[in-house]
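Following: one structure in structure tokens, then a few remarks.
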Amino acid sequence: MEEQKHTHCLLEKLKQKAKEQKFYGNDYVEEPAKLNSRTCTNCGAGRAKEDGLTHCAYCGFEFLSIQLTDGIHLKKEDNSRP
Amino acid sequence: MSNPLLEPIHGVSLQDYSVVSAKMASGISEAEILNALGIEKAVFDEASALWIARMQEDGTFEIATLFGQYFGEPDKHPKLGNLKAEVSEEGQANLEKMKTDRYFYEELSGARQAAYEYGIDGAQWIQNNFGISLGDFQIITIQWLSLTADDSFEISRHFQDYRDQKEKEYSEKFAAEQGGNVADDVEF
Amino acid sequence: MKETKERFFLFIDKLEDKLREFAEASIPELEELNNNDTDEYKREYSSMKNAVLGQLESIMKKGREVQEEKITNFPYHENETKAYYEFRNECYQRLHRLDEINAIYCEKIENTQQEDYEIKYRKILDEYQIIKDQFHCSQCGSLVHIDKIYSTTTYLTCSFCNTKNTFEPSSQTKALEQLGRSLAEQRTAHLLLQYQEACKKSQQLYLKIHELELSLTWEADKNSVTQKEKQIQDLKQQKEKLEQQEPKLYQHYWRTMFDEWNKINPDMEEQHEKFYTRILNEYKPN
């Protein structure tokens, strides 16, 4: 009987400890889906489909400083043509 | 590059990907990092998913090994090396000590392990008591692993014993805080 | 020695009682915490589980320490070496039994971590139905239809003004790839079990054959010899049959698992297939 009380008491303490402590990192926040678009910070133009994704079609401003390869949805064809 | 699995994905090299992971673990925001790399989320999300997939595909573990190496040397990255998370003065001092003093590194590793075994979040415990983030802890661990890879058996044994001893000391401390261990009253 | 052995056995008995009682009592507590922990990573539950496993380990450590001090380092006279080895062996075996019991409880405790991935997946599917026609082009305001579930941020073109909009999936949908694997594994766990059972059974047959072959060495009775030889042959046939099945079961499990994963996240099918090829290439039959 005494034994069981001891076990129960220890388990309670462990549970309290688990519940009361702060865990590492920020609390998980579920971010909803979003849709937005980027306009050229240089000339204000929008990004249009045929013009490719890496540079602004109007003033040549660099949106992305890399070359796209064949990925999941993004493909080589999405690079802006020089 | 002889291994095609090491080719960059959308211009994101394995070094880029590893260092982004390390910097994020140190507490720097994703937006700041991607900005410094000159890429957008869409590019990074794909590169990240595909680097993970390449690791799964790679039976030689070359990618995973290189990932670890780059992760351990984030400050060598040309574009991201200078991005630093805010660290307290005390944290900075402990960080330096952990990098240079192997006994201190072994002690913190033992303490962290003991914390987990007593139901305490070891990463948070290290942050609270020594001001070192999880990311920095992992980075230094990797640095020590590569520095000590060629240690003799005696030296490894010496530091393992030291770590075990420290783990035991911290375990006793954590046990006392929770009012003892389950079998304290069982005696030979 | 006799007295030490009795005391050691009694000591381990007491540790065993403690271990059983504590582990048994912790299981319902952990199950409850697992069910009620709403944290995405179930960190409260994990901490408590670590602490419980840590306590079991503290019992084992105590056993090992006492064993080393009282048994391994037991002082004995040169002429009682044989008796000492016997004594030591029996004591070691007693602790070993405790270790086995501990392993069983550790597994039971690990198994309190149950997560129904179907629920998480269902949430992603439901979310998609709600959001697929909810977004408008940030340039011209026209509807931008989300044509499928995207698990990575991507660019979607407005069909009216051709602007590239950036679509960023929700946090839960971004986790689809990893969740997909866990769910696929959950859905096909019975096939993995089938493969593991076959391996276990052929191992048992091997041991049985081995045992019979050994017993033949001392068998004088001709009838018994014939009978045993026949039995060995039967068992060998059974074993061979099982061993032929094993690679098929193995492949069947992985193929079905990857098919499920592909269904859940078809965008990554090409990558999954490369992973599958690697797994099959690395398979070595027992």
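Small disclaimer: the values here were computed from a predicted structure and weren't measured.
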Looking only at C:Lys70, C:Lys49, C:Glu177, C:Met48, most heavy-atom pairs under 4.5 Å shared with chain B are made by C:Lys70

Okay, C:Leu15 and chain B: the region with an atom under 4.5 Å from a heavy atom over there is both

Among residues 85-93 of chain B, residues within the sub-4.5 Å heavy-atom range of chain C, in order of number, are none

Between C:Lys18 and B:Ala183 the two heavy atoms that sit nearest each other are CD-CA, 4.3 Å

Across all chains, not counting sequence neighbours, the side chain to side chain contact (heavy atoms under 4.5 Å, CB included) partners of B:Asp58 are B:Leu5, B:Thr60, B:Glu62, B:Ile63

Residues of residues 21-35 of chain C with a heavy atom under 4.5 Å from any heavy atom of chain B, in residue-number order, are C:Phe22

| task | For the pair B:Glu57 and C:His272, evaluate side-chain contact (heavy atoms from CB on, under 4.5 Å) and give the outcome as yes or no after the intermediate values. | result | CA-CA 8 Å; B:Glu57 178 189 343; C:His272 295 165; over 6 Å; no

### Sub-4.5 Å side-chain heavy-atom contact between C:Arg181 and B:Gln56
yes

Honestly, the part of C:Glu69 sitting under 4.5 Å from a heavy atom of chain B is neither

Heavy atoms of B:Val182 and C:Gln55 approach each other most closely as N-OE1, 2.7 Å

Between C:Thr153 and B:Asp45, does the side chain to side chain donor-acceptor pair (under 3.5 Å) criterion hold? Intermediate values first, please.
CA-CA 6 Å; C:Thr153 305; B:Asp45 278 5; 2.5 Å; yes

In residues 21-39 of chain B, what donor-acceptor pairs under 3.5 Å come from side-chain atoms, sequence neighbours left out?
| unit_1 | atom_1 | unit_2 | atom_2 | d |
| --- | --- | --- | --- | --- |
| B:Ser21 | OG | B:Tyr17 | O | 2.9 |
| B:Lys23 | NZ | B:Asp75 | OD1 | 3.1 |
| B:Lys23 | NZ | B:Leu83 | O | 2.8 |
| B:Ser26 | OG | B:Ala22 | O | 3.0 |
| B:Ser26 | OG | B:Asp136 | OD1 | 3.4 |
| B:Ser29 | OG | B:Glu32 | N | 3.2 |
| B:Glu30 | OE1 | B:Lys41 | NZ | 2.8 |

Fit a plane to each ring of C:Phe8 and B:Phe188, take the angle between them on a 0 to 90° scale, and name the class: parallel (under 30°), tilted (30 to 60°) or perpendicular (over 60°).
tilted

Determine whether C:Asn50 and B:Glu117 satisfy the following criterion, side chain to side chain donor-acceptor pair (under 3.5 Å), listing intermediate values before the conclusion. CA-CA 6 Å; C:Asn50 285 342; B:Glu117 282 190 20; over 6 Å; no

